[in-house]
Amino acid sequence: SHMLSYLSAILLLSSVTSHALLTQPPPRTGEAVQGSTAVPSCADTARESIQQIAEAGTNLAIKWSIRFNHGGQVSVSIQYAPDEDFIPLAEGLDISDTEAMVQLPLGRSGETSVVQWLWTAGDGAFYLGCSDIRVFSDDPDADAGVEQEDQQEANNEHEELEQDDPPPSQEDHDENA
């Protein structure tokens, strides 16, 4: 009876062992979600403490290990806040490569960002890894999105106007005295 329980436990553990999983940045505990009919999302799993801090505009190392390679492709995306959509950072990565560098968008930051690693295996199964990270930006306008672009356009227009009107010269100043 003990032997049967022991064998059942081993079979159960081996059946939930992921065929590939995210290793860097560090994934959420027990993260190896598999769903062969619907594409899983990190939005459906519980958040954990921040595992890594990264700077906007820099490259982030993404690494994974493979236990059983069924071919297919990996995509990496990021979510900056719980109520936002995931933004693709890389798509079509070969599962056999086991690592990739992805660039975080410049000017975006998030205290509770989530990196989502998704393997679409050649056999139609999906494997998901999620990592909770903080993304900081030295840009004072970070997270302004469209407003930031509008402000940049306004700054450019202001600079062009200044270039059309040269500053008054010393001679102009003397004539007015």
Side-chain angles (χ1 to χ4, degrees), residues 9-10 12-149:
I10 289 175
L12 178 63
L13 285 175
S14 64
S15 68
V16 296
T17 301
S18 181
H19 292 209
L21 58 96
L22 176 67
T23 59
Q24 182 67 30
R28 292 175 177 166
T29 307
E31 212 41 62
V33 178
Q34 177 183 354
S36 55
T37 56
V39 179
S41 170
C42 292
D44 301 327
T45 63
R47 291 178 176 268
E48 293 185 4
S49 62
I50 299 301
Q51 296 297 311
Q52 187 168 329
I53 298 174
E55 183 176 2
T58 63
N59 286 330
L60 180 66
I62 307 293
K63 297 181 181 180
W64 57 91
S65 66
I66 304 170
R67 185 175 172 97
F68 300 108
N69 190 342
H70 303 290
Q73 298 181 334
V74 169
S75 62
V76 178
S77 54
I78 189 165
Q79 179 189 49
Y80 287 96
D83 58 340
E84 292 185 15
D85 291 334
F86 281 88
I87 300 167
L89 299 176
E91 295 179 324
L93 302 172
D94 187 329
I95 185 66
S96 300
D97 291 342
T98 69
E99 63 182 76
M101 295 296 280
V102 298
Q103 185 168 12
L104 296 171
L106 193 58
R108 288 298 313 263
S109 63
E111 290 294 310
T112 56
S113 302
V114 178
V115 171
Q116 178 172 280
W117 174 91
L118 180 65
W119 172 31
T120 305
D123 63 2
F126 295 100
Y127 298 86
L128 179 71
C130 310
S131 180
D132 298 284
I133 70 168
R134 177 175 297 125
V135 180
F136 70 92
S137 175
D138 290 333
D139 183 347
D141 294 325
D143 293 328
V146 173
E147 292 172 20
Q148 179 181 350
E149 291 172 12

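The residues of the chain are indexed from 1 along the displayed sequence. Everything numeric here is computed off the predicted structure, so don't read it as measured data.
- In this structure a side-chain-to-backbone donor-acceptor pair under 3.5 Å is present from Asp132 to Glu48.
- At distances below 3.5 Å, at least one donor-acceptor pair connects side-chain atoms of Thr23 with backbone N or O atoms of Lys63.
- Checked against side chain to side chain contact (heavy atoms under 4.5 Å, CB included), Asp138 has the following partners two or more places apart in sequence or in another chain: Glu55, Phe136.
- Within the 3.5 Å criterion, the main-chain N or O of Gly71 finds a donor-acceptor partner in the side chain of Asn69.
- How far OG of Ser113 is from CZ of Arg108: 8.0 Å, rounded to the nearest 0.5 Å.
- Considering only heavy atoms from C-beta on, Val115 stays 4.5 Å or farther from Pro27 through its side chain.
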- Message: As a quick check of understanding, evaluate side chain to side chain contact (heavy atoms under 4.5 Å, CB included) for Trp64 and Ile95, giving each step before the final call.
- Response: CA-CA 9 Å; Trp64 57 91; Ile95 185 66; 3.4 Å; yes
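- A distance-only check finds no donor-acceptor pair linking the side chain of Gln52 to the backbone of Ile133 [under 3.5 Å].
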- Pair Val114-Arg28, side chain to side chain contact (heavy atoms under 4.5 Å, CB included): steps then yes or no: CA-CA 10 Å; Val114 178; Arg28 292 175 177 166; 3.4 Å; yes
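- Across every non-hydrogen atom of Met101 and Asn59, the tightest pair is CE-CB, 3.6 Å.
- Between Ile62 and Pro25 the shortest side-chain heavy-atom distance falls below 4.5 Å.
- Paired with Leu118 under the rule side-chain contact (heavy atoms from CB on, under 4.5 Å), one option of Val74, Leu128, Val76 passes, and it is Leu128.
- In this structure, Trp119 contributes its side chain and Ser75 its backbone to no donor-acceptor pair below 3.5 Å.
- Note that CD of Glu111 is 4.5 Å distant from CZ of Arg134, once rounded to the nearest 0.5 Å.
- The nearest pair of heavy atoms linking Pro105 to Ala56 is O-CB, 3.5 Å.
- One finds the OG1 atom of Thr98 at 6.0 Å from the CD1 atom of Ile66 (value rounded to the nearest 0.5 Å).
- Here the CG-CD distance, from Leu60 to Gln24, works out to 7.5 Å after rounding to the nearest 0.5 Å.
- Closest non-hydrogen pair, Gln79 versus Glu84, comes out as NE2-O, 2.7 Å.
- Rounded to the nearest 0.5 Å, atoms CG (Leu93) and CH2 (Trp117) are 10.5 Å apart.
- The two residues Tyr127 and Ala121 have their closest heavy-atom pair at CE1-CB, 4.1 Å.
- Atom OG1 of residue Thr58 and atom CG of residue Leu106 lie 9.5 Å apart, to the nearest 0.5 angstrom.
- Checked by atom type and distance alone, the side chain of Ser131 pairs as donor or acceptor with a backbone atom of Pro26 at under 3.5 Å.
- Phe86 and Ser41 make their closest contact through CE1-OG, 3.8 Å (heavy atoms, listed as atom of the first residue, atom of the second, distance).
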